[in-house]
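In listed order, ligands and their atoms are each counted from 1.
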Amino acid sequence: MARKIILDVDTGSDDAVAIMAAVLSKDIQLEALCSVAGNKDIDKTTENTLRVVQLLGADVPVYRGCRTPLVKFLCPDRLPVRKSKGPLVVDGKEVQMHSDFLDVPPATIKEQPISAPEFYVQYLRAAPQPVTIVAVGPLTNVAMALLLDGTIVDKIEEIVIMGGGYNITNTSPTAEFNIWYDPEAAQHVIHCGAKVTLVPLDATHAACITLDDCKRFRALGTVAGDFAAALCEQRIMVHSNSQPLAVPDAAAVHDALCIAYLIDPQVLRDVRHVHCDIGFRDFCEGQTILDMRYYTEPVNCYFAFDGDRQKFASVLLDLFARSEKTKS
Ligand code: RIB
Ligand code: CA
């Protein structure tokens, strides 16, 4: 029986790979996609999500979500503006980890008429069985839905979150982007009472995708294999120039690892049940603060400290092979 999931995205390059993986997997029934502001503004993340659905010809509804974090937008000095070392220019062209718009045809399909938080509440209230939420962007939508109706937690089987970092960060010395963008939302979600599994940078950097993997994706001759290869090659270029990994010519494809975990949990390694809180201010804003003492605060989430890149690449290769052949 395929596992029912709702995928919450701030599409983005790795979000796009995650969406394709979820659509193509026979082990997953993708009930809906919810867009949220994060990598890009809500208009762009929604358009990009629609573009991926359209590219695969998938029958998956898209719900537009929150356009700002829960609290940060009230505090101008805390507006989420990501510090970066400036644009990467290769062969005269700027290369970003996330292009404003994905390089596939503009969407002609439309988003649904209600917002993502409203959808969560309506769908979960009516769900006959608990479903899994996979959140690979800021947690604003999920937190907003829980604020609208706390009882929906009983209809959530697990919340799988791409976010956080213990030994690895990417947005500040202490924070990973998704959590940093809306720390108040993250704190609310990881303490909501549902089973929470964090897939942090420690896991996503270990389970990286290489240029050789991209060659294998392209060799499939499928729509998803080609698009995933292009997205991962773009990410490898940026990683190599701004955040080199232990493995050369490789990139973290963070969000897709959350989908791969649902298909083969062994892609995550060293998963521990821990107590985690989120930092809100100053140097620890957006930090996933783990209690590593022997007598800890009550544990509230599972945290993957490592990942398996061979298993991850193999899961993705099998999935992209299921996509339609590219038209010659
Ligand atoms: O820090 C990585 C996360 O931030 C990924 O989900 C990426 O898509 C961005 O949203
Ligand atoms: Ca994302």
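- For ligand 1, the atoms sitting less than 4.0 Å from at least one non-hydrogen atom of Asn39 are 7 (C), 8 (O), 9 (C), 10 (O), numbered in the order shown with element in parentheses.
- For the pair Thr68 (side chain) and Phe73 (backbone), a donor-acceptor distance under 3.5 Å is absent.
- No more than 12 heavy atoms of other residues, nucleotides or ligands sit less than 6.0 Å from atom CZ of Arg67.
- Among protein heavy atoms, the minimum distance from atom 4 (O) of ligand 1 is reached at Asn178 OD1, 3.3 Å.
- Glu31 and Tyr123 are linked by a side-chain donor-acceptor pair at a separation below 3.5 angstrom, with hydrogens and angles left out of the test.
- Across Thr204, Val315, Asp14, a single residue satisfies side chain to side chain contact (heavy atoms under 4.5 Å, CB included) together with Leu257, and that is Thr204.
- Of the inter-residue distances, the one linking Glu285 atom CD with Ile179 atom CD1 reads 12.0 Å to the nearest 0.5 angstrom.
- Figure legend: Arg272 and Phe305 shown as a cation-pi pair, the cationic atom lying under 6.0 angstrom from the six-membered ring centre and within 45 degrees of its axis.
- A donor-acceptor contact closer than 3.5 angstrom is absent between the side chains of Ser115 and Arg64.
- Residue-level proximity to ligand 1 for Asn170 is carried by the side chain, the only part with a heavy atom below 4.0 angstrom.
- Rounded to the nearest 0.5 angstrom, Asn48 CG and Ser99 OG are separated by 8.5 Å.
- Here 5 is the count of protein N, O or S atoms positioned under 3.0 Å from the Ca ion (ligand 2), waters not counted.
- A donor-acceptor pair shorter than 3.5 Å can be found between the side chains of Thr49 and Thr11.
- Close approach of ligand 1 to Glu176 (heavy-atom distance below 4.0 Å) involves ligand atoms 1 (O), 2 (C), 3 (C), 4 (O).
- With a 4.0 Å cut-off on non-hydrogen atoms, Val136 touches ligand 1 through its backbone and not its side chain.
- For the pair His98 and ligand 1, a heavy-atom separation below 4.0 Å is found.
- The shortest N/O to N/O separation between Asp15 and ligand 1 falls below 3.5 Å.
- One side chain, Asp182 or Thr140, offers a donor N or O that lies under 3.5 Å from an acceptor on the other.
- Of all protein heavy atoms, the one closest to atom 8 (O) of ligand 1 is Asp14 OD1, 2.6 Å.
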